[in-house]
Amino acid sequence: MTAWKDGKFTYTFDYEIEAHGEMVKELVLREPTGADVIAVGNPVQFDPISDPPRVLIDDARMAAMISRLSSVPPSTVAKLKPKDLISLGWHLTSFFMPV
């Protein structure tokens with residue numbers, strides 16, 4: 001994994017997945033916009049009142065968001081290993097939290 005640079009983030013896998021008929025080992029994601037949240041919904045629920053505060057990720061919405069931000073079909077995201085899907089989700093979580 002690398003850090004966000006120029007509004008993009010590259011996530012590299014230790015395996016290949018099919019995206020648009022090609023085999024790839026990485027996804028390049030752009031930063032989300034308000035239009036992405038309107039289209040998909042907020043994939044993160046933050047409950048600051050709980051003790052301790054809780055952050056919950058809606059897996060279906062996060063998968064849709066990853067698909068949208070990386071411009072790959074949902075079928076590609078569905079082929080990710082769980083550890084990669086969850087890692088990508090947590091990496092994106094801060095974009096959907098209040099400041």
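All values derive from a computational prediction rather than experimental measurement. Only this structure's heavy atoms are used, side chains among them; waters, hydrogens and symmetry mates stay out.
By the 4.5 Å heavy-atom criterion applied to side chains, P48 and F46 are counted as neighbours. You'll find the side chain of E16 stays beyond 4.5 Å of the side chain of V24, heavy atoms only. Side-chain contact between P32 and F96 is present, with heavy atoms from C-beta onward closer than 4.5 Å. Contact annotation: the side chain of D59 never approaches that of L85 to less than 4.5 Å [non-hydrogen atoms, C-beta and beyond]. Within the 4.5 Å cutoff, the side chain of L29 has heavy atoms near those of the L88 side chain. Residues I17 and M23 have side chains not in contact (no heavy-atom distance under 4.5 Å, counting atoms from C-beta outward). Inter-residue side-chain proximity for F13 and L27 is flagged as met; some heavy-atom pair is nearer than 4.5 Å. W4 is listed as a side-chain neighbour of E31, based on a closest heavy-atom distance under 4.5 Å.
Between the CD atom of E26 and the OG1 atom of T12 there is a distance of 4.5 Å, given to the nearest 0.5 Å. Taking CE from M62 and CD1 from I57, the interatomic distance works out to 4.5 Å, rounded to the nearest 0.5 Å. With values rounded to the nearest 0.5 angstrom, N42 atom CG is found 9.0 Å from D58 atom CG. For the atom pair M65 CE and L92 CG, the distance stands at 8.5 Å (nearest 0.5 Å). Separation of atoms CG (L69) and CZ (F95) is listed at 8.5 Å; rounding is to 0.5 Å.
Judged purely by atom type and a 3.5 angstrom limit, T93 uses its side chain to pair as donor or acceptor with the backbone of G89. At distances below 3.5 Å, at least one donor-acceptor pair connects side-chain atoms of S67 with backbone N or O atoms of V72.
In this structure, S50 and R54 approach most closely via the heavy-atom pair OG-NE, 3.6 Å. Closest heavy-atom contact between R68 and A35: NH2-O, 3.7 Å.
Using a 4.0 Å cut-off between charged nitrogen and carboxylate oxygen, R30 and D36 count as a salt-bridge pair. Here D14 does not pair with K25 in a salt bridge; the nearest charged N to carboxylate O distance is not below 4.0 Å.
More than 12 heavy atoms of other shown residues, nucleotides or ligands fall within 6.0 angstrom of atom NZ in K81. A 6.0 Å sphere centred on CG of L56 holds more than 12 heavy atoms belonging to other residues, nucleotides or ligands. Few gaps surround NZ on K83; more than 12 heavy atoms of other groups in view lie less than 6.0 Å from it.
The aromatic rings of F9 and H91 sit parallel to each other, their planes meeting at less than 30°, with 60° as the upper class boundary.
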For this session: Just do the side-chain contact (heavy atoms from CB on, under 4.5 Å) check on V55 and Q45 with the steps written out, would you?
Result: CA-CA 6 Å; V55 175; Q45 295 176 5; over 6 Å; no

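Neither side chain, S87 nor D84, offers a donor N or O lying under 3.5 Å from an acceptor on the other.
Remark: P73 engages H20, S75, T76 in a side-chain contact (heavy atoms from CB on, under 4.5 Å) (not counting sequence neighbours).
Cluster annotation: W90 and V77 are assigned to the same hydrophobic cluster (Ile/Leu/Val/Met/Phe/Trp/Tyr, side-chain heavy-atom contacts under 4.5 Å, transitive).
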